[in-house]
Amino acid sequence: MATFLDRLGRLAFRRRRRVVVLWVLALVAAGMASALAPAAPDGSYSMPGTESQRAFDLIEERFPANSTGSAGSEGASAKVVFVAPAGQKITDQANRSVVDEVVGRVGDLGQVVRAADPYGTDTVSEDGSTAYASVTFEVKAKDVDDKVKQDLEQAVEDGREAGLTVEVGGSVLATQPSGGATELVGVVVAAVVLLITFASLAAAGLPLLTALIGVGIGAATIMALSSALGLSSATSTLAMMLGLAVGIDYAMFIVSRYREERARGLAPQDAAGVATGTAGSSVVFAGLTVVIGLAGLSVVGIPTLTQMGLAAAGTVALSVLVAVTLVPALLGIFPRTVLARSLRRATRHGAQAAVAGEGKPNMGSRWARLVVRRPLPVLLVAVAALGVIALPAAKLHLGTAGDESKPTSTTERRAYDALAEGFGPGFNGPLTIVVDAKKAQDPKGAVEASAREIGAVDGVVSVSPARFNTAADTAILSVTPATDPQDERTSELIHTLRADRPAIEKATGATFMVSGSTAANIDSDQKVQGALVPYLGLVVGLAFLLLLIVFRSVLVPLKAALGFLLSVLAALGAVVAVFQWGWLAGLLGVHQTGPIMNTMPIVMVGIVFGLAMDYEVFLVTRIREAHLKGQRPGQAIVSGFSHSARVVAAAAVIMISVFSGFIGVSEPMIKMIGFGLATAVLFDALVVRMTIVPAVLALLGERAWTMPRRLERIVPRVDVEGHALTRDADATAATPGKTERQGLPVR
């Protein structure tokens, strides 16, 4: 591997202009393809294998003219909620006049299909204080014109000025968070960190440039394929976020190794080859672990997660290819300008001057010596600290939050609260019951009997009249629970209805399925929870085998996997403490606590797993490289940290900064993801990899680098450390006069 990548790096260095032109052409081609491709359709979120999805499919089959099973086929909807002043009723003549005026104006808005009468049988609360009007739009919420939104807001405001409380529920007026500003913050922080790390504008700019090229090609390709493959916007967002993060890191590691080899006295082309062969090998295997973690999301069985995982994995693989080809090509164009000023001055006077400062203690080596001297206390303190932080994860409650999780400053949240107070907490999360009476002798009678049986179940407040299909053999019932969608009792009611199904089917001759958004969310929670353990087993198992090949050790991969699990549990514990329990919620701008988004833990596991293995490979590879050169275990740890700790810490800071930028977004789910990923990287890079890893390696000593003889014979040998390359490089560096040759421009 190292030899092949060394040759590839040298080839890219020599053919630098051709390589750069090819990547620029690839970027232009991908951009043109995305511009010419048709717009991606609005994707629907499906959950194959669940009862709620089977119910949606049945509705789509039996009610083709008005299907609720196709989430992407219907226009936006909203509820305009009216609450009378204290002591009055919404049905009072004066209040009714205001309501009619507002509803009439809303109904006349462009893109509005219908604004229903707010004084129907079921649209006024029992105490007469609250009423609502359902509004249907002809377009999706994201396609509603700003002018229509402004006119809707003005009509609502006029109703408020007339003395009523008027709020709008739904997503029509919701402000969609923009990721552009947060991504810009991450790039700016990355630039500052790179500048501090390399002390060179060229060296700092090169990783940013190559990462942006890789992300640009990946994002444009995803956009070009979105229509054909039905990819959602979240797919490109995740791919861009990860592609940018790993692209910067991978290029930074190769540039850092190039500068190190130049400091040792190698000529530019030799240094580029060694850097690509050694750091590039680590990039390839680290990228493979990220791809494994992301592609492994396919085992969950949720199409949206599969698309997100595969698209992000493809972008990461593209970032690896950019790192091992475009980076050495750009090093060939700027062989000296990527060096620090002191090193550029030193290379003018020969290789020996350039390496005069090599071997001096730095922060990484000092920290490693401290850990090596006291490995057991350091290990116990680090594990205990992460263990304590992970404790709240035992109380993890998954769910899908809606308007109830938004701050009370939003009209959607106030509309949600007003409806819950006027119509009961279960009004905001009705259950959809699909009754299939096709095999019943009297379908309508069977549906009516099923409705009576369902209405008699404890926890059901009301059952709506049945809505039949054209064939009159299938009906839809809307069931209002007594508790809100996030209440555990609502989940118990759904399980009770499904458990009572055989008895009801036997008594009525018709069967039914429980669906609706609340039931779908619960089914989604259960499916994700059931897939989490197999997913962990798959990605950890595959990564264990990969690291077994890389390090030719059993204990090192085992330690890496256990450390990853510890950091993920600690990050989940922090997420639960903040977003579920409310600790430090005000400081982070969390206005409402609630369940953790059901897909977040498994997505976080996939992302953090790959990034954690990145740091593991980069750190431990340098330690093993020093050990293969004959250093004792403790010395090898110090030597490895002296060369890699600074760069790994900088890479972690970049990752944390990128993810932390999303904590400031108003959308609770995005805030949660940003916080979870930032804390996970913080724990894994700075606690597990920089503290626990050297402590464990110090305790293991020589045993860390051994494996059973029988296993050693069958495991292929992969020279990731580039031992042969560095040995030859040492001989080359020792030869005077080899620094600035090969007809290279001096910049």
Side-chain angles (χ1 to χ4, degrees), residues 74-178 402-425 427-430 484 591-592 665-668:
E74 299 178 346
S77 63
K79 283 187 174 67
V80 182
V81 185
F82 303 89
V83 181
Q88 299 181 24
K89 294 183 179 297
I90 202 68
T91 53
D92 293 345
Q93 186 58 44
N95 294 333
R96 184 161 187 158
S97 297
V98 176
V99 171
D100 290 340
E101 171 67 19
V102 173
V103 174
R105 288 173 59 181
V106 172
D108 291 337
L109 295 177
Q111 298 182 314
V112 172
V113 177
R114 177 173 179 266
D117 181 11
Y119 291 103
T121 305
D122 300 321
T123 55
V124 179
S125 62
E126 289 185 6
D127 61 3
S129 66
T130 308
Y132 69 90
S134 297
V135 182
T136 305
F137 293 79
E138 63 184 8
V139 295
K140 291 288 185 181
K142 66 183 181 64
D143 297 323
V144 176
D145 291 341
D146 291 338
K147 180 64 167 57
V148 173
K149 293 181 181 180
Q150 292 171 3
D151 291 343
L152 174 59
E153 290 175 334
Q154 186 59 54
V156 168
E157 186 59 34
D158 290 345
R160 292 169 180 165
E161 291 179 357
L164 299 182
T165 298
V166 188
E167 307 294 348
V168 182
S171 59
V172 172
L173 294 182
T175 301
Q176 297 298 324
S178 174
D403 287 345
E404 75 281 359
S405 66
K406 296 180 179 179
T408 54
S409 59
T410 62
T411 186
E412 302 98 304
R413 169 63 188 278
R414 294 194 297 267
Y416 180 96
D417 293 341
L419 290 172
E421 184 176 351
F423 295 90
F427 181 84
N428 287 302
D484 66 70
H591 302 280
Q592 179 70 22
V665 175
S666 60
E667 177 62 32

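Quantities reported herein were computed from a predicted structural model and do not represent experimental measurements.
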Sequence neighbours left out, what pairs pass ring pair (Phe, Tyr, Trp, His ring centres under 6.0 Å) with at least one residue falling in [range]?
| range | result |
| --- | --- |
| residues 78-110 | none |
| residues 144-164 | none |
| residues 91-128 | none |

Quick one: closest heavy-atom pair of [X] and [Y], and the distance?
| X | Y | value |
| --- | --- | --- |
| Gly422 | Ser125 | O-CB, 3.1 Å |
| Gly163 | Pro85 | O-CG, 3.3 Å |
| Val81 | Ala418 | CG1-CB, 3.9 Å |
| Gly170 | Glu412 | O-CG, 3.2 Å |
| Gly169 | Ala415 | N-CB, 3.6 Å |
| Gly159 | Val102 | CA-CG2, 3.9 Å |

Before giving the answer on side chain to side chain contact (heavy atoms under 4.5 Å, CB included), spell out for Arg160 and Val156 the whole-Å C-alpha distance, their side-chain angles and the decisive distance to 0.1 Å. CA-CA 6 Å; Arg160 292 169 180 165; Val156 168; 3.6 Å; yes
Arg114 (side chain) donor-acceptor with Val135 (main chain) under 3.5 angstrom: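 Checking the backbone N and O of Val135 against the side chain of Arg114, no donor-acceptor pair under 3.5 Å is found.
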Whether the side chain of Thr123 engages the backbone of Pro118 through a donor-acceptor N/O pair (distance < 3.5 Å, no angle test) should be reported.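 At least one qualifying donor-acceptor pair exists.
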In this structure, are over 12 heavy atoms from other groups packed under 6.0 Å from Glu126 atom CD?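 No, the 6.0 Å shell around CD holds no more than 12 heavy atoms from other groups.
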Can you establish whether the number of heavy atoms outside Asp122 located under 6.0 Å from its atom CG is more than 12?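 Atom CG in Asp122 is not crowded, with 12 or fewer foreign heavy atoms closer than 6.0 Å.
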From [atom1] ([X]) to [atom2] ([Y]), nearest 0.5 Å:
| X | Y | atom1 | atom2 | value |
| --- | --- | --- | --- | --- |
| Thr136 | Gln111 | OG1 | CD | 13.5 Å |
| Asp127 | Phe423 | CG | CZ | 8.5 Å |
| Glu167 | Thr410 | CD | OG1 | 8.5 Å |
| Leu109 | Arg105 | CG | CZ | 8.5 Å |

Please determine if Asp145 and Lys149 form a salt bridge, counting it only when a charged side-chain N lies under 4.0 Å from a carboxylate O.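 The answer is no: the pair does not qualify as a salt bridge.
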What I want to find out is whether Asp417 reaches Arg413 closely enough, with some N-O distance under 4.0 Å, to be called a salt bridge.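 Yes, charged N to carboxylate O under 4.0 Å.
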Asp484 vs Asn428, side chain to side chain contact (heavy atoms under 4.5 Å, CB included): CA-CA, chis, key distance, verdict: CA-CA 7 Å; Asp484 66 70; Asn428 287 302; over 6 Å; no
Under the side chain to side chain contact (heavy atoms under 4.5 Å, CB included) criterion, do Leu164 and Ile90 qualify, and how do the steps go? CA-CA 9 Å; Leu164 299 182; Ile90 202 68; 4.2 Å; yes
Decide yes or no on side chain to side chain contact (heavy atoms under 4.5 Å, CB included) for Asp92 and Asn95, but give the supporting numbers first. CA-CA 5 Å; Asp92 293 345; Asn95 294 333; 4.0 Å; yes
Between Tyr132 and Phe427, ring centroids under 6.0 Å: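 Centroid separation for Tyr132 and Phe427: below 6.0 Å.
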Short side-chain donor-acceptor distance under 3.5 Å, Asp158 and Gln154: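 Result is yes, a qualifying pair exists.
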Does the side chain of Val148 come within less than 4.5 Å of Phe137's, by heavy atoms?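 Answer yes - side chains close enough.
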